[in-house]
Amino acid sequence: MCGIVGYVGLQPAASIVLEGLKRLEYRGYDSAGIAAVQDGRLVIRRDQGKLSQLEQLLTEQPVGGHIAIGHTRWATHGEPNQRNAHPHVDCGGEIAVIQNGIVENVLELRQQLLAEGHTFSSDTDTEVIVHLVEKLMAQGHDLAEAGRLAFGQIKGAHAIVLLCSREPGTLVAARIGNAGGVTVGLGEGEMYLASDIPAILEHTRRMVFLEDREMAVVTADGARFFTLDGEPVEKEVTEIPWDPISAAKGTYRHFMQKEIHEQARSLTDTLRGRIDFETGAVTLEGLNLPAEAARSIGKVVTVACGTSAYAGLVGKFLIETLARVPVEVDYGSEFRYRDPIIDSDTLVLSSTQSGETVDTLAAMAEARHKGARSVSIVNVIGSMAQRVSDGTILMQAGPEIGVASTKAFTASLLDQLLLGAYLGQARGTLSAEDSRALAQAVVELPQLAGRVLSEGYNDYETLAHEFHDREHFLFLGRGINYPVALEGALKLKEISYIHAEGYPAGEMKHGPIALIDENMPVVTIAVQDNVYDKMISQIEQVRARGGIVIAVCNEGDKAVREKANYVLTIPRTHHLLTPILAVLPLQLLAYHLAVRRGCDVDQPRNLAKSVTVE
């Protein structure tokens with residue numbers, strides 16, 4: 001959703017905040033703004049559109065001072081324009097607020113504040129917060145106490161930061177529910193606030209994460225932490241291991257391109273220290289699931305959204321095959337609305353790259369309420385999903401900046417394979433011989449992925465030239481590669497705006513076959529596995545109706561090459577690892593088509609990296 005950055009210290013605050021916001025552009029936004037205290041006055045600069053417009057505004061109208069807050073907004077209440085951009089200010093122009101989330105009782109509060117004489121200058125729900133703080137400060141409370149009391153009056157999930165010209169050395173931040181993170185960065189004589197780690201990682205690796213219903217009072221000398229009930233809280237400082245350079249594009253044209261090509265490394269990092277390549281024994285630090293508990297699991301329920309949900313569908317095959325325990329996969333946004341049948345023998349596996357996806361977090365809360373054990377697969381250290389789970393598997397993918405997930409998808413698949421192997425070994429369903437065979441295949445995986453991603457391995461430029469003007473694609477897969485077809489279709493529509501559908505190949509004749517003609521490219525995943533002959537039949541059916549087939553197949557497969565119009569090849573590997581390799585050409589195909597169409601690959605329209613509202 002939105003990005004939050006704050007700074008207090010000795011350096012020019014506006015420039016630090018602006019640079020931090022640039023590192024959060026991947027979250028998606030439609031307006032941006034900064035508030036600072038300069039010469040004792042609150043100064044606001046904000047505008048609709050990209051950060052380049054705000055940067056130009058700051059060049060024309062510079063902002064000084066040593067304390068500032070900034071925000072990139074994705075519209076929820078009020079259309080995207082200058083008056084609705086954050087920060088919002090009180091009637092007296094002394095208090096500023098930035099916020100992620102939705103004030104669910106906005107109508108009630110707005111009517112109350114209007115009746116009391118407050119004047120609103122935007123259409124947003126956020127503005128009620130600053131007027132509540134204004135009212136409470138008028139009653140004699142300082143900024144921190146007024147903020148605390150105001151936070152208690154609003155409903156919904158929020159991340160909030162306050163700044164006041166009457167207290168020019170203080171920032172007040174709060175986290176309520178799961179509307180996104182609030183990170184406090186610790187410096188020497190300076191402090192930082194952010195909604196996500198990359199915004200401030202250049203300045204500090206020492207960070208503190210607010211939990212639900214906690215707030216921070218931040219000055220240049222340090223931070224104090226409280227619950228929203230006013231009780232002091234001792235917080236643990238986390239040392240973040242990421243290198244700031246890893247969040248830069250380097251020589252790549254787009255972050256998405258860079259992250260696609262980082263997958264050989266991210267797969268290596270995901271494996272490191274987790275599997276004994278001689279015995280196949282799997283160790284998952286942080287899982288917090290002893291063998292005895294693993295043996296008592298009656299079923300696994302995976303909850304996730306978007307790309308993570310498709311990863312969960314692949315994970316269903318992986319875990320059921322290796323651990324022989326039934327797996328259900330549910331969208332996080334639907335899970336809690338159907339009164340799911342789960343109990344203490346259920347393992348709820350949540351998968352979320354950001355660890356802040358509100359639908360998935362809500363599903364996790366429902367699972368906890370019903371007594372289930374929870375494990376999360378996350379990529380962001382200190383995220384809410386990690387903190388509320390009984391156990392965690394960290395993806396080890398490193399920062400993923402592009403909105404359309406790539407390396408987090410393959411890292412999650414490998415994590416679920418390792419989880420399935422661990423459960424299988426604990427439950428006695430995976431033999432020592434099969435464990436060793438799987439380990440041998442896994443150790444070769446990063447090298448095979450690197451081969452698929454190497455320059456010139458497949459010809460994507462020709463396909464992009466040939467098909468960039470098409471408006472519809474169909475993706476077909478069977479078995480464990482059916483979810484890969486879903487993910488391939490999702491990637492294409494996310495970044496190229498081409499309408500694409502993923503289907504189980506066997507269902508083609510039950511409806512979608514009516515769409516096939518010479519204008520409809522059909523992407524098939526036809527690797528040499530137990531449904532290979534079925535996929536050959538699907539290719540023949542498409543060609544018989546004049547359709548165009550782009551086939552993902554194994555190296556050296558002459559049969560598919562003769563039948564398909566175009567082929568994208570991958571090496572042979574263990575059948576459970578095939579989805580990790582098969583999705584790579586689909587990511588690259590989507591990327592090259594989007595570039596050829598002139599689309600904003602890293603920040604597709606209407607999408608955000610971290611979805612923090614329902």
Side-chain angles (χ1 to χ4, degrees), residues 266-304 311-329 342-351 367 372-378 386 389-397 410-449 479-480 483 529-530 573-581:
S266 64
L267 292 170
T268 301
D269 291 343
T270 297
L271 291 171
R272 186 173 287 120
R274 290 176 167 174
I275 186 167
D276 185 321
F277 294 115
E278 292 185 8
T279 67
V282 172
T283 303
L284 293 171
E285 182 181 357
L287 181 63
N288 193 27
L289 186 69
E292 182 179 352
R295 289 190 287 272
S296 70
I297 293 172
K299 69 175 177 179
V300 175
V301 176
T302 299
V303 291
L313 288 172
V314 177
K316 173 182 171 68
F317 284 88
L318 299 173
I319 295 170
E320 288 188 344
T321 298
L322 297 170
R324 306 310 299 160
V325 60
V327 179
E328 300 173 7
V329 182
I342 55 178
D343 55 26
S344 59
D345 292 331
T346 304
L347 176 67
V348 173
L349 177 64
S350 60
S351 181
R373 179 186 290 267
S374 66
V375 168
S376 61
I377 299 177
V378 298
Q386 179 186 7
S389 299
D390 296 314
T392 305
I393 303 174
L394 289 172
M395 289 181 189
Q396 305 294 348
T410 52
S412 178
L413 296 190
L414 189 50
D415 283 327
Q416 290 180 81
L417 178 114
L418 293 173
L419 175 61
Y422 171 79
L423 294 175
Q425 290 162 7
R427 295 165 65 88
T429 58
L430 186 62
S431 69
E433 180 182 356
D434 288 340
S435 293
R436 287 191 295 272
L438 186 62
Q440 183 56 45
V442 165
V443 75
E444 298 171 355
L445 180 64
Q447 177 266 330
L448 296 179
I480 196 170
D529 58 11
N530 64 324
T573 186
H574 192 290
H575 71 281
L576 294 180
L577 299 177
T578 299
I580 295 175
L581 297 182

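Hydrogens, waters and symmetry mates play no part in the numbers below; they use all other heavy atoms, side chains included.
Minimum interatomic distance between Ser266 and Ala397 (heavy atoms only, all atoms of both residues): CB-CA, 3.9 Å. Shortest non-hydrogen contact noted between Asp390 and Ala372 is OD2-O, 4.1 Å. Contact between Val329 and Gly312 at its shortest, heavy atoms only, is CG2-O, 3.4 Å. Shown here for Leu430 and Asp434, the closest heavy-atom pair between the two residues is CD1-CB, 3.6 Å. Closest approach of Ala311 and Ser412 over heavy atoms only: CB-OG, 3.8 Å. Across all non-hydrogen atoms, the minimal contact from Ile480 to Pro483 is O-CD, 3.3 Å.
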From CA spacing to verdict: side-chain contact (heavy atoms from CB on, under 4.5 Å), Leu576, Thr321: CA-CA 9 Å; Leu576 294 180; Thr321 298; 4.2 Å; yes
Worked check of side-chain contact (heavy atoms from CB on, under 4.5 Å) between Leu289 and Arg373: CA-CA 9 Å; Leu289 186 69; Arg373 179 186 290 267; 3.2 Å; yes
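Ser389 has its side chain out of reach of Val375: every pair of non-hydrogen atoms, C-beta onward, lies at least 4.5 Å apart. No side-chain heavy atom of His574 sits under 4.5 Å from any side-chain heavy atom of Leu445. A heavy-atom distance below 4.5 Å is found between the side chains of Leu349 and Leu419. Contact check for Val325 versus Arg427: side-chain heavy atoms found under the 4.5 Å cut-off. In this structure, Gln416 and Ile377 have side chains that are in contact, with non-hydrogen atoms separated by less than 4.5 Å. Counting heavy atoms from C-beta outward, Val443 and Leu271 have side chains that stay 4.5 Å or more apart. Side-chain contact between Leu448 and Ile580: absent, with no pair of heavy atoms (C-beta onward) separated by less than 4.5 Å. In this structure the side chain of Thr270 never reaches within 4.5 angstrom of the side chain of Thr410, judged on heavy atoms.
Among pairs with a residue in residues 273-289, those fulfilling salt bridge (Lys or Arg N to Asp or Glu O under 4.0 Å) read Arg274-Asp415, at least two apart in sequence or across chains.
In this structure, CG in Leu423 is found 11.0 Å from CG in Leu418, a value given to the nearest 0.5 Å. To the nearest 0.5 Å, atom CD of residue Gln447 and atom OG1 of residue Thr268 are 10.0 Å apart.
Put simply, the side chain of Tyr422 never gets that close to the backbone of Leu287: no donor and acceptor are under 3.5 Å apart. Panel note: side chain Thr279, backbone Ala281; a donor-acceptor pair is recorded below 3.5 Å. Between the side chain of Gln396 and the backbone N or O of Asp269 there is no donor-acceptor pair closer than 3.5 Å. Listed for the Thr429 side chain is a donor-acceptor partner under 3.5 Å among the backbone atoms of Leu322. A distance-only check finds a donor-acceptor pair linking the side chain of Gln425 to the backbone of Gly280 [under 3.5 Å].
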Only pairs under 3.5 Å count here: list side-chain donor-acceptor contacts from residues 294-304, not counting sequence neighbours, and write none if there are none.
residue, atom, partner, partner atom, Å
Arg295, NH1, Ala426, O, 3.2
Ser296, OG, Ala293, O, 2.8
Lys299, NZ, Glu328, OE2, 3.2
Lys299, NZ, Ile341, O, 2.7

